[in-house]
Amino acid sequence: LLQNILETDLQGAELNPFLTGRALWLASKLAPGFLTGQDAAPVMQAFLTAALRGVQPDTPGPVRVGALRLLACLVPLCMRGAPAGSNGHAGGSNSAAGVSGVPSPAAAPGCSPLTAVLPKLYEALIVLLADTNEESLHLVLETLTVVLKADRDAVVASYLPQVALPVLQVWSTNVTDPVVGEDALEVLGALAAARGCLEPLAQHVLPTLAQVVGSPGTQPSMLVESCLDLMRTLLGPRRRDVAAAVWSGCGAQLLSLLMYSTDPGMLQGGVELLCELLLVAGEELLVWAPQPAGGPAPLEAVLGVAHRLLSPGLSESQCVFVGGLVLELLQQHAPRVGHALPQLLDAVVAKLAASNMMPLANGLLLVIAKLALTDAPQLLQVLSGKTVPLPDGRTVAALEAVLPIWLERARDMHGRFRIALCSTALCAVLETRHPCLGEIKVKGRALDSSSGVSTRSRVAATGGAKHSEVSAGIKILMVLADQLADLQEADAPGRRTLLGLDPTLYYNDSDDDYDDGKDAAEDVDADGLHVRGAAMSPDQHAQSDAAALSAGADLFGVGTMDNCVDDGSSDVVGSCSGAGLSRVPGCSGPDDPLVLLDLCAHLSQFFVGLSTSEPQLLMAAGEQMTRRQTKAVQALFVPQKSVQQK
């Protein structure tokens with residue numbers, strides 16, 4: 001069919017533009033399944049030539065649209081398996097299709113069909129940027145992004161002014177357009193990632209960006225937010241010299257905006273940019289010059305921003321990302337912010353107690369979790385000695401205010417890094433055996449107070465959902481058991497893709513809602529956790545003590561073959577790759593210990609150890625757990641041989 005399209009629909013002196021455009025579009029749909037392998041190179045070359053001819057300035061609109069779609073499909077296929085450096089300008093005769101500069105496959109053995117086409121492709125796309133209508137502008141930008149990402153040898157560096165200036169013009173004109181504006185920003189991000197393009201691009205745009213950010217009151221709000229996004233895009237390649245240039249050229253304007261603006265969108269974009277600066281700068285932040293000259297040192301200025309965002313006078317939407325900023329400060333400069341930690345902790349607890357917005361509360365809880373993971377005994381001692389006012393007018397100990405919120409929202413954490421941080425911190429808190437963990441009472445499991453199926457109307461008619469009351473220590477075990485169940489279910493056949501993704505996906509910062517009616521394994525964000533088999537014996541975790549196995553079995557009624565649970569889990573972990581996702585604040589990268597942590601094994605060892613050290617606590621928790629939670633913990637004490645025999 002592809003050969004027929006090539007010979008019949010794309011050849012000839014007088015072709016119907018609608019037929020040609022439709023043929024190009026159909027080829028873009030069929031190509032990924034058929035244009036693979038060395039035998040497909042001639043056909044791919046011919047279609048690439050036809051697509052390049054279709055994006056010339058004098059082609060009709062239908063042909064242009066079909067050609068853009070085909071290019072967006074063909075360019076990645078051309079680069080698949082091509083060696084680095086295959087974008088060079090290889091010599092050779094022109095192809096039979098009649099487009100100058102496109103060599104035939106025989107002219108450059110072993111090279112990608114994209115070889116020597118990029119110059120003419122860039123020239124054609126640059127013309128289209130200025131000569132296309134609004135309906136197809138996003139297609140041009142999407143195609144340009146694909147081409148830039150496939151340009152391994154940075155041919156675009158020779159065309160940087162011709163590409164960057166029109167794209168910047170499109171971006172500035174369409175900042176309020178959610179499609180075109182985002183596409184243009186993605187093109188600029190691909191340009192920034194191209195070798196030899198970042199520095200000149202930054203030098204060109206930073207003065208204008210500083211001018212816009214420096215006068216937010218006289219600029220449209222969306223323009224200021226887009227400028228902040230563009231600066232964050234420039235920091236994407238993690239170049240410290242570029243970060244220093246951003247700070248030197250725009251640092252004073254950024255700090256002023258964060259200290260005095262009340263616009264939620266500007267404040268959110270500014271905090272995200274400041275987090276990126278902290279990450280990229282690292283230790284070099286300490287030697288950067290104050291902005292403005294004569295102002296506080298950079299680290300003190302960032303602390304001032306954090307204090308302002310945590311102040312009670314700002315609404316939740318204005319300070320929604322402050323938790324990420326404090327988390328980044330603790331990650332990058334923990335030893336140097338110790339003098340400000342008591343005031344920060346007071347402000348974090350007060351803001352947490354008064355907040356209802358989930359992203360804000362979750363970010364602040366991650367700060368508490370980070371501190372707990374660093375020194376849980378000291379944190380609990382400090383919180384138990386502080387008081388904080390609650391929205392209902394009561395004044396309680398800070399620990400009594402924080403723990404119920406943390407345990408209520410622990411299941412709202414999504415993403416590999418966040419889940420691991422929250423879960424390991426809860427383990428550390430319980431291991432302190434602080435007396436307040438038994439004194440503070442929180443909501444337990446839901447009580448079924450009606451016969452038949454419970455609906456929202458029935459629950460509302462009975463005065464709302466009823467819950468048991470348990471100690472904070474027991475609730476921690478219930479939360480951790482739920483998390484363990486998630487991991488075990490996600491490792492079951494057919495579900496590994498939910499949690500078994502590549503560790504490099506730590507960037508995923510999604511907080512998408514989930515359906516409460518689905519299995520809890522589907523409640524977890526798709527960036528994944530590295531998991532192991534759930535039906536494991538203590539021997540698998542260097543817990544060969546027979547007393548531990550016996551105690552755990554007795555606590556949960558597992559002592560015979562009849563009670564063995566085989567959840568069908570597997571040690572095989574699926575994987576996939578992804579890029580371009582937002583980074584999680586506080587995460588140092590793919591090598592972060594929490595990213596690499598086998599959380600399922602960590603929680604399994606925790607429960608097995610607890611069966612020996614605190615059997616009474618585990619027994620009390622077992623009486624309060626749901627069937628799903630109990631089953632997850634029971635699986636840890638099932639001897640592996642028994643599971644295999646069953």
Side-chain angles (χ1 to χ4, degrees), residues 28 61 64-65 68-69 71-73 125-126 128-149 163-193 201 205 208-209 212-213 216 218-236 254 257 261-276 315-318 320-321 324 357-360 414-415 507-514 525-527 578-585:
S28 71
R64 188 180 299 177
V65 170
L68 289 170
R69 290 193 177 277
L71 280 172
C73 171
L125 292 175
I126 289 168
L128 285 185
L129 279 174
D131 190 40
T132 191
N133 53 35
E134 295 182 0
E135 286 74 16
S136 57
L137 182 57
H138 72 283
L139 290 176
V140 179
L141 294 170
E142 289 175 358
T143 305
L144 187 54
T145 301
V146 171
V147 174
L148 286 168
K149 291 179 178 179
V163 174
L165 293 179
V167 174
L168 284 168
Q169 181 63 39
V170 170
W171 167 77
S172 62
T173 306
N174 297 274
V175 290
T176 59
D177 190 315
V179 176
V180 176
E182 288 297 322
D183 287 343
L185 192 61
E186 189 174 357
V187 173
L188 294 172
L191 271 176
L201 181 62
V205 301
T208 303
L209 297 180
V212 173
V213 175
T218 62
Q219 305 288 347
S221 175
M222 287 292 293
L223 179 59
V224 178
E225 294 173 34
S226 295
C227 288
L228 295 169
D229 290 341
L230 179 52
M231 281 191 276
R232 192 153 52 93
T233 300
L234 295 176
L235 295 174
L254 175 62
L257 182 145
S261 176
T262 57
D263 183 274
M266 294 183 190
L267 289 173
Q268 292 171 17
V271 170
E272 289 183 303
L273 174 58
L274 196 54
C275 287
E276 289 297 307
S315 67
E316 295 184 357
S317 61
Q318 291 171 324
V320 64
F321 294 146
M357 184 181 291
M358 187 175 73
L360 172 59
H414 297 275
Y507 299 101
N508 195 323
D509 200 17
S510 174
D511 275 326
D512 294 339
D513 293 334
Y514 54 85
D525 192 17
D527 65 343
L581 303 176
S582 301
R583 184 186 64 87
V584 180

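Only heavy atoms go into these numbers, but all of them, side chains included; no hydrogens, no water, no symmetry mates.
- For the side-chain hydrogen bond (donor to acceptor under 3.5 Å, both in side chains) condition, the pairs that include at least one residue of residues 139-149, sequence neighbours left out, are K149-E186.
- Residues A184 and V167 come closest through the heavy atom pair O-CG1, 3.7 Å.
- Looking at Q318, its side chain never comes within 3.5 Å of a backbone N or O of P264 through a donor-acceptor pair.
- Expressed to the nearest 0.5 Å, how far CG of L139 lies from CG of L125 amounts to 11.5 Å.
- With hydrogens and angles disregarded, no donor-acceptor distance shorter than 3.5 Å links the side chain of S136 to the backbone of T132.
- Atoms CG and CG, from L165 and L129 in turn, are 11.0 Å apart once rounded to the nearest 0.5 Å.
- Among all heavy-atom pairs drawn from G269 and L228, the shortest one is C-CD1, 3.8 Å.
- If you take CG on L68 and CZ on R64, they are separated by 8.0 Å, rounding to the nearest 0.5 Å.
- Rounded to the nearest 0.5 angstrom, L254 CG and M266 CE are separated by 12.5 Å.
- Remark: L273 CG to L235 CG distance equals 6.0 Å, nearest 0.5 Å.
- Contact of the P166 side chain with the W171 side chain is not registered, since no non-hydrogen atoms from C-beta on lie closer than 4.5 Å.
- Interatomic distance, OG of S317 versus CD of Q268, reported as 7.0 Å (0.5 Å rounding).
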Residue pair L188, L234: steps toward the side-chain contact (heavy atoms from CB on, under 4.5 Å) verdict: CA-CA 8 Å; L188 294 172; L234 295 176; over 6 Å; no
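- V140 pairs with exactly one of V180, L128, L71 by the side chain to side chain contact (heavy atoms under 4.5 Å, CB included) rule, that one being L128.
- Within the 4.5 Å cutoff, the side chain of L168 has no heavy atoms near those of the T208 side chain.
- When all heavy atoms of F321 and V271 are compared, the pair lying nearest together is O-CG1, 3.5 Å.
- Within the 3.5 Å criterion, the main-chain N or O of G270 finds no donor-acceptor partner in the side chain of E225.
- The nearest pair of heavy atoms linking L201 to A192 is CD2-N, 4.1 Å.
- Proximity of M231 to V213: side-chain heavy atoms (C-beta onward) are separated by under 4.5 Å at one or more points.
- Not one N or O on the side chain of Q219 forms a donor-acceptor pair closer than 3.5 Å with the backbone of V212.
- Across every non-hydrogen atom of V320 and P359, the tightest pair is CG2-CB, 3.7 Å.
- Between D263 and L257, the closest side-chain pair of non-hydrogen atoms is not below 4.5 Å.
- Looking at every heavy atom in both residues, V187 comes nearest to L141 through CG2-O, 3.3 Å.
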